[in-house]
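Take a look at the structure below.
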Number of protein chains: 4
Amino acid sequence: MNMQTTVEPGEESRAADKPARAKRLRDPIQTQARILAAAKAEFAKVGLGGARIETIAEKAGVNKRMIYEYFKGKEELFQTVLEEMWTDIRTEERALGLDHLPPVEAIRAYVTFTWNYYLKNPEFMSLVNSENLHRARHVKKSRRFSELHRGFVDMLQQIVDRGVASGDFKAGVDTSQLHLTIAALGYYYLTNRFTGEVIFGFDFVSKEALQKRLDFNLDTIFSLLRPR
Amino acid sequence: MNMQTTVEPGEESRAADKPARAKRLRDPIQTQARILAAAKAEFAKVGLGGARIETIAEKAGVNKRMIYEYFKGKEELFQTVLEEMWTDIRTEERALGLDHLPPVEAIRAYVTFTWNYYLKNPEFMSLVNSENLHRARHVKKSRRFSELHRGFVDMLQQIVDRGVASGDFKAGVDTSQLHLTIAALGYYYLTNRFTGEVIFGFDFVSKEALQKRLDFNLDTIFSLLRPR
Amino acid sequence: MNMQTTVEPGEESRAADKPARAKRLRDPIQTQARILAAAKAEFAKVGLGGARIETIAEKAGVNKRMIYEYFKGKEELFQTVLEEMWTDIRTEERALGLDHLPPVEAIRAYVTFTWNYYLKNPEFMSLVNSENLHRARHVKKSRRFSELHRGFVDMLQQIVDRGVASGDFKAGVDTSQLHLTIAALGYYYLTNRFTGEVIFGFDFVSKEALQKRLDFNLDTIFSLLRPR
Amino acid sequence: MNMQTTVEPGEESRAADKPARAKRLRDPIQTQARILAAAKAEFAKVGLGGARIETIAEKAGVNKRMIYEYFKGKEELFQTVLEEMWTDIRTEERALGLDHLPPVEAIRAYVTFTWNYYLKNPEFMSLVNSENLHRARHVKKSRRFSELHRGFVDMLQQIVDRGVASGDFKAGVDTSQLHLTIAALGYYYLTNRFTGEVIFGFDFVSKEALQKRLDFNLDTIFSLLRPR
DNA sequence: TATGAATGAGAGTTCATTCAT
DNA sequence: TATGAATGAACTCTCATTCAT
């Protein structure tokens, strides 16, 4: 029984009138979410400098003005995008429950997760690059960002400690370096895949190539951790 | 071993032509070199989208018009910068004479060289990032770029082969993956050092930190290559 | 003598409704008064062109929308502000009861009143300037404004006439010109005091300077009126 | 007596290229002069806040971009307009050669000059008003402005001194106050003439009205200076 | 009555590029 | 070869105003 004869604004986010997209949303939360999603995509695609507010607004299906209503301006929007993005990856990481896995499995899971996360969220790498081009000036201003990483190294540290205790891993491996190395192995391959493909002459993202790289990375990490 | 054939960015502000710097150069080669150096620095600093032709001209101490005289426009200038840059690193690599070193020494030298090159030429990483943001569309158009990498993998392949033959390295390591891994270890650490410092809470480029990272990377690579 | 019947700008920030200031006023008269006070201050501060509806709404502590509810728009709001303002000064003038004073005292009182009014209500001058910049197009549309000035010249005329009759003033002084002159002497000094201070190099609004100017103006007017 | 040495705005409408008005001037001095003239007119008409860069560019017949080439922006353009304007009036004043006239004639000439200058250059008053609305923040930054007024008061001082010596003027009249009064009498009448016409009900700028006001002002000043 | 979301037009300013000398 | 003037198209951001509740 149809009780909603009237066209509801905001309704368009569901099924039905997807193509009709009502002109006025009147749903500030949705509007902000749309802006953030569009901004993330655009910043990732062309960088902070290359991104156009107008394009973001169009992609988000909102009026340009709204961006200034909800976010102060381009820079603040960028900062918010970064905060959301890093919150996401850290949240997913925690959801892995690595502390309940045996050390070898935990490492394998973490390396694999990192790889898959980059693969499924290529904007992540692009935005990290952008932020580093700007010398991290946005995250440095962000309280939320700092808090997010409280205890970040500990997670891996505990796994390594357990592995050392069990005899699976050698002692004395610096956890921060290990962290950086796990990230590096996947990140570099994927973010630089375009020039890489020209230089090395093969498709970096074919199913086989991806599997090969993940295996190689696991091998690299386990070689490093293996006791002599 | 000469590692500094290359024109260094910022070079123009030093020594050399300081007094001679006549207002009208009338020296097309110098002019082009100045433009390229300035462009490299600027593109590295703020990306392709963020770079301003006017700023480049000012930094180069030449008239804006000259950029259009010698290079067709911004995009072409960027492409040329990339070509020069990659030519430089490949040239220096070849100058290392790795094929005359014993395999273990050769690997050590290559890992160390790569690390040091990134360290001394941070624009390199920044520009590679930029080019990948643009999906390698400039180098794809460049014949010079392709030619530059003919036989690039072979160099490392031969070292590995020699190492396998001598029993220093295990067999079956994919050279392209090894290449990518060597690059990744240094690159990621250095290019993402700004966000990294916020996340990990230490100075990434202190003398000690740098030495520690290089040692860690060498350890990682040798662990990987070590026969079981 | 009550000179403060008028609602003072900035009044709303004081006393009165401080505690009562519920978030939702539901008091249309208060709301309108607040808007007018805020608008007056803002128009005076930055002119008609420079004033922002949003700023006025914020200062008034009301929703932007209300301005359009009670006044048609920015221009109409400005017109209303002008009407209120001129009503105020004319009301205060009448309250002086000049017709009950001896001519010399009446003139002294009027010159002094005018001077003090400008001094205490600097927005008055600023708004008059604004309206003249716009060639009086708002007050020309205002019936209320015209009615306000019916018999305005007469007041002074009667004083002058009495003074001529008593032998205190010379005959033949044009009352409109006198009016304009009395206004001019105070107005110019105060409205242009900022550039004046730079040009003449002294503080125009120190206690001494103000007294000096008032004395000078009284001297000027009485010299003019004095019979030869 | 040449009062029109100054370059008049609209001057460029002379000679040659009247109809042809070349699309590209390639005459930076002309271009700057055109911009300044247009800016002066526009700022005078609608104030600093109300003036539009685009409108100024159109009036000047130049590309909008040029305004940013020659002047840094709107505020700087406004400042330059003010500097030019005040330079003009001070230059013309000096050209009067008041120090060669007998004191009474000198005062008459100065009052008359001031009146006529305002009459012929109504933008002057409008711009002074604007600058005072902005609390003189532009001229305060201008070195040129301060220098312009070095010795400004002296000119009148010497005349008054000579008049006192000759017995034409009474002693003890403050020159700064006199200066301000002479300016005030003309300025107020002319700048507020639009509201004035509504209030007083006569045409302020008819030939007769203007003559009447000038005579009244001369009378006011001479009454003030006349020895008892 | 009151509110906050939404809008389109246009503001100042900057950019890559071309013209004239 | 070299220069500086000139341009038109954007770009970020702001404004007065209206819509929906």
Side-chain angles (χ1 to χ4, degrees), chain A residues 6 8-10 22-32 49-57 62-75 77, chain B residues 22-32 49-57 62-70 72-75 77, chain C residues 22-28 30-32 49-57 62-70 72-75 77, chain D residues 22-32 49-57 62-70 72-75 77:
Chain A
T6 321
E8 285 289 319
K23 214 173 178 190
R24 319 224 166 177
L25 288 173
R26 296 282 160 188
D27 181 344
I29 293 166
Q30 269 280 339
T31 301
Q32 287 181 57
R52 302 294 158 232
I53 289 286
E54 185 130 41
T55 310
I56 292 172
V62 306
N63 185 284
K64 201 169 35 161
R65 183 63 229 282
M66 288 294 93
I67 292 177
Y68 293 91
E69 185 68 25
Y70 293 122
F71 306 93
K72 252 197 64 176
K74 200 188 186 185
E75 298 272 319
L77 178 57
Chain B
K23 209 175 176 192
R24 320 220 166 181
L25 287 172
R26 298 274 170 191
D27 180 343
I29 291 165
Q30 267 280 343
T31 301
Q32 286 182 57
R52 303 294 157 232
I53 290 285
E54 184 132 42
T55 310
I56 293 171
V62 307
N63 186 279
K64 209 169 25 164
R65 184 62 233 286
M66 290 295 93
I67 291 176
Y68 293 91
E69 183 67 26
Y70 292 121
K72 252 195 66 177
K74 198 188 186 184
E75 298 274 317
L77 177 58
Chain C
K23 208 172 177 194
R24 321 220 166 181
L25 287 171
R26 298 273 169 192
D27 180 344
Q30 268 280 342
T31 301
Q32 285 181 58
R52 303 294 157 233
I53 290 286
E54 184 131 41
T55 310
I56 292 171
V62 306
N63 187 280
K64 209 170 24 165
R65 185 60 233 287
M66 289 296 92
I67 292 176
Y68 292 91
E69 184 67 27
Y70 293 120
K72 252 195 63 179
K74 199 187 185 184
E75 298 274 318
L77 178 58
Chain D
K23 208 170 179 193
R24 322 226 163 177
L25 288 172
R26 297 281 159 187
D27 181 344
I29 293 166
Q30 271 278 341
T31 300
Q32 288 181 56
R52 303 292 158 233
I53 289 285
E54 184 131 41
T55 310
I56 293 171
V62 307
N63 186 284
K64 201 167 38 156
R65 182 64 228 282
M66 288 293 93
I67 292 177
Y68 294 91
E69 185 68 26
Y70 293 121
K72 250 196 67 176
K74 199 187 187 186
E75 297 272 319
L77 178 57

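All values derive from a computational prediction rather than experimental measurement. So you know, we letter chains A, B, ... as the sequences are listed, proteins then strands, and number each from 1. These numbers come from the heavy atoms of this one structure, side chains and all, not from hydrogens, waters or symmetry mates.
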_Regarding A:Y70, tell me which of base, sugar-phosphate or nothing describes its non-hydrogen contacts under 4.0 Å with the strands shown._
sugar-phosphate

*asked:* Can you tell me if A:R52 touches the phosphate of F:dT12, counting only side-chain N or O atoms and a distance under 4.0 Å to OP1 or OP2?
replied: yes

*asked:* Without decimals, in angstroms, what is the distance between D:I53 CD1 and F:dC11 P?
replied: 21 Å

*Could you give the CD-to-C1' distance, from B:E69 to F:dT3, as a whole number of Å?*
12 Å

*Just how far is it from atom CD1 of B:I53 to atom CZ of B:R65, taken to the nearest 0.5 Å?*
12.0 Å

*Short side-chain N/O contact from A:T31 to OP1 or OP2 of E:dA5, under 4.0 Å*: no

*Presence of A:N63 side-chain N/O under 4.0 Å of E:dA5 phosphate oxygens OP1/OP2*: no

*To the nearest angstrom, how far is A:F71 atom CZ from F:dT12 atom P?*
16 Å

*Is the closest side-chain heavy-atom distance between D:I56 and D:V62 below 4.5 Å?*
no

*According to a strict under-4.0 Å criterion, is D:R65 in side-chain N/O contact with OP1 or OP2 of F:dA6?*
no

*Specify the separation, in whole Å, of atom NZ of C:K74 and atom P of F:dC15.*
9 Å

_From C:Q30 atom CD to C:Q32 atom CD, the distance as rounded to the nearest 0.5 Å_ = 11.0 Å

*Grab the CD1-C1' distance between A:I67 and E:dA6 for me, whole Å please.*
13 Å

_On DNA chain F, compare the nucleotides closest to C:K72 and B:M66; which residue's is nearer the 5' end?_
B:M66

*Tell me: CD of B:E54 to P of E:dA16, nearest whole Å?*
8 Å

*Starting at the 5' end of DNA chain E and moving along, which residue's nearest nucleotide shows up first, B:E75 or D:G49?*
D:G49

*What integer distance in Å separates D:I29:CD1 from F:dG4:C1'?*
13 Å

*To the nearest 0.5 angstrom, please state how far the CD1 atom of A:I67 sits from the OG1 atom of A:T31.*
11.0 Å

*asked:* Any base atoms under 4.0 Å from C:A51, or only sugar-phosphate, or nothing? Heavy atoms, all strands.
replied: sugar-phosphate

*How far does the helix from E:dA2-F:dT21 to E:dT21-F:dA2 bend, going by the axes of its first and last five pairs, to the nearest 10°?*
20°

*From the options E:dA6, E:dT13, E:dC15, select the nucleotide whose nearest atom is closest to the side chain of D:Y68.*
E:dT13

*Where is the tightest heavy-atom contact between D:Y70 and D:P28, given as atom of each residue plus distance?*
OH-CB, 3.3 Å

*Please report, rounded to the nearest Å, how far the C1' atom of E:dA6 is from the CD atom of A:Q30.*
15 Å

*Residue pair B:R52 / B:K74, side-chain heavy-atom distance below 4.5 Å*: yes

*Does the base of E:dT7 carry an N or O that pairs as donor and acceptor with the side chain of A:K64 under 3.5 Å?*
no

